Amino acid sequence: MTPDELRGLFLFEALEEDQLRWLAERGTVREYPAGGEACVEGQPAGYLFVLLTGTMGLYRLVRGNEMELNRTDQRGAYFGATQAYVRDRDGTKTYSATGRAITACSFFALPADDFATFMRDWFPMAIHLLEGLFMGMHNSEALIGQRERLTALGSLTAGLMHELNNPAAATARAAATLRERVAGMRNKLGLLAESRIEPAKLRALTELQESVIERAGKAPRLTAIQASDREDELADWLDGHGIEAAWDLPQIFVAAGLDVECLDDVAGKVDAPLLDKSLRWIAYALETEQLMTDIEDASARISSLVAAAKQYSQLDRAPHQWVDVHDGLDSTLIMLSSKIGPGVQVVKDYDRSLPHIPAYPAELNQVWTNLIDNAVQAMAGKGTLTVRTARDDERVLVAICDTGPGVPEELRQRVFEPFFTTKAVGVGTGLGLDISHRIVVNRHGGDVSLTSVPGDTRFQVRLPLVEPPSR
């Protein structure tokens, strides 16, 4: 090409005559038929290409599936070794995308080494600025991304410890009380033995105790008024039978589903002098049973939290699996429960018929964490968080919806940009949605979109149902 022809390209229009002549001497015009590839992703970046005629597209492989990044017929559009002037420690660079001719195309091709020399010799200050900007953004993104992950991990760990502390403390309290009640049972049993109760009556009382415990497990839940009325009835019965200091017994008996008829049954099976000891022995047995149930429930809660943490972290599992998206969503909601708070109502609208999908579950959990955390912050602790799943053709749709104020229209196109955030300084880094977008698109071959009006903001993630075929 001649210098005058090069000047007609917007990339070179401001260059001096000798600069254009230098480029014209070293560059060549290359022709490619439709479907021809000027450069291939991953191969050494040997040329800077500038489109002269035709329509071309840029493509990248995402988990083996080719995705079109851009298509243009604009004369002067450039691609290829666009960062040849940035010095690498090992001196190697590769094409970041494949440039393919959609129609027959012609390009001005400038060798990468000549382009780097041209830039460094003619624009040394610009090179320093560009290198500083490129490396600064790269290092900042890596550092801030790492810090954000550590901060999120610390927050999740603190929330998990808070959730674990409650059932652990309940278990400790129940175990201490259980020790006291077992000691009381031994004492009352000793008093019954000292009273020389007949073996047949002791056997009948023991059988009655077992039936009472079984009845307690099936006791219907009473309203507060019903429970209060029954406690009054049992208190009158105890007073009428001369049971002293029995203020704590009615509540225990009512919680176990006992009524006056049951107490009459006890009174009929023991002598009057032993009634007090027998009733307290039964009460201790009922409390012991309830305490063991409390310990079992608290232990199950701890186990479920640990299981959720293991599912969330995926530390003991393969990085790539066929997974149920609901498992990750549920574990993320558990991990974030302390952040969600009592003012936010969580609604799960799941399509449980969805099949498993190929995914990196630990990375998807990071996506769910970012989206749910953003939704909760947007609602400022009060509103409705809806997590919805559905099938969308050959993809799984996961929608995270909130009732916050929404995202203004002029900002919706920027929410996935690195470092862009609407939060106050020091509150957000602007990398959460960018990381989520890269995980969904680059790692899983899916897409993520945003729709928002005041009171209804939805981040919608679509993931393929099948493993994309390799190229």
Side-chain angles (χ1 to χ4, degrees), residues 35 41 55 57-72 97-98 100 102 311-312 314 317-333 346-372 374-375 384-403 406-407 409 412-417 432-453 455-471:
E41 178 184 358
T55 300
L58 288 178
Y59 302 85
R60 287 191 65 180
L61 286 177
V62 180
R63 296 180 64 223
N65 190 31
E66 190 172 75
M67 181 175 66
E68 184 175 283
L69 301 178
N70 189 25
R71 177 181 295 214
T72 183
T98 296
R100 183 178 302 137
I102 307 298
Q311 202 287 330
Y312 181 85
Q314 296 286 317
R317 306 179 188 184
H320 189 265
Q321 311 167 39
W322 286 84
V323 299
D324 184 346
V325 293
H326 303 107
D327 292 340
L329 291 168
D330 286 339
S331 66
T332 303
L333 288 170
V346 178
V347 176
K348 298 180 182 179
D349 183 10
Y350 289 169
D351 179 0
R352 291 290 186 178
S353 66
L354 291 176
H356 289 199
I357 63 171
Y360 295 88
E363 297 182 22
L364 282 185
N365 288 343
Q366 187 177 2
V367 174
W368 312 142
T369 299
N370 290 335
L371 297 182
I372 292 173
N374 281 351
T384 300
L385 171 69
T386 303
V387 182
R388 181 177 295 114
T389 63
R391 183 160 183 161
D392 184 8
D393 293 330
E394 294 304 311
R395 297 184 294 180
V396 165
L397 169 65
V398 178
I400 309 297
C401 316
D402 68 75
T403 56
V407 181
E409 183 176 358
R412 291 175 204 162
Q413 300 300 321
R414 301 190 59 195
V415 294
F416 298 109
E417 293 180 9
L433 292 178
D434 170 56
I435 292 172
S436 299
H437 186 270
R438 280 186 279 149
I439 289 174
V440 172
V441 176
N442 296 345
R443 293 286 279 172
H444 292 84
D447 67 73
V448 55
S449 60
L450 166 66
T451 60
S452 181
V453 295
D456 185 11
T457 297
R458 305 180 184 185
F459 279 94
Q460 296 179 318
V461 175
R462 292 174 173 83
L463 300 166
L465 288 170
V466 297
E467 190 76 32
S470 64
R471 190 181 179 191

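What you see is a predicted model; the values in this text were computed from it and never measured.
Classified by interplanar angle (parallel below 30°, tilted 30° to 60°, perpendicular above 60°), the ring pair Tyr360/His444 is perpendicular.
Side-chain contact check for Gln366 versus Asn370: some heavy-atom pair is nearer than 4.5 Å. Proximity of Thr332 to Ile372: side-chain heavy atoms (C-beta onward) are separated by under 4.5 Å at one or more points. Residues Val346 and Leu333 meet the side-chain proximity criterion, which asks for heavy atoms closer than 4.5 Å. Two residues are said to be in side-chain contact when any heavy atoms from C-beta on lie closer than 4.5 Å; Thr72 and Thr55 fail this criterion. Looking only at side-chain heavy atoms (C-beta outward), Tyr350 and Leu329 come within less than 4.5 Å of each other. Counting heavy atoms from C-beta outward, Val448 and His437 have side chains that approach closer than 4.5 Å.
Rounded to the nearest 0.5 angstrom, Asp324 CG and Leu354 CG are separated by 8.0 Å. For the atom pair Cys401 SG and Leu385 CG, the distance stands at 8.0 Å (nearest 0.5 Å). Rounding to the nearest 0.5 Å gives a distance of 9.0 Å between CD1 of Ile357 and CH2 of Trp322.
Nearest heavy-atom pair, Leu364 versus Ile439, reported as atom, atom and distance to 0.1 Å: N-CG2, 4.5 Å.
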N/O donor to acceptor pairs below 3.5 angstrom from side-chain atoms of residues 455-465, sequence neighbours left out:
residue, atom, partner, partner atom, Å
Asp456, OD1, Arg458, NE, 3.0
Asp456, OD2, Arg458, NE, 3.3
Asp456, OD2, Arg458, NH2, 3.1
Thr457, OG1, Ser452, OG, 2.9
Arg462, NE, Asp392, OD2, 2.6

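In this view, Arg391 satisfies the side-chain hydrogen bond (donor to acceptor under 3.5 Å, both in side chains) rule with no residue, not counting sequence neighbours.
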For this session: Any chance you could lay out the side-chain contact (heavy atoms from CB on, under 4.5 Å) test for Thr384 and Val347, step after step, and finish with the verdict?
Result: CA-CA 7 Å; Thr384 300; Val347 176; 3.8 Å; yes

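Listed for the Thr98 side chain is a donor-acceptor partner under 3.5 Å among the backbone atoms of Glu41.
For the pair Arg100 and Tyr59, the cation-pi criterion (under 6.0 Å, within 45° of the ring axis) is fulfilled.
Salt bridge Lys348/Asp330: present, at least one basic N to carboxylate O contact under 4.0 Å.
With hydrogens and angles left out, the side-chain atoms of Thr389 and Asp351 include no donor and acceptor closer than 3.5 Å.
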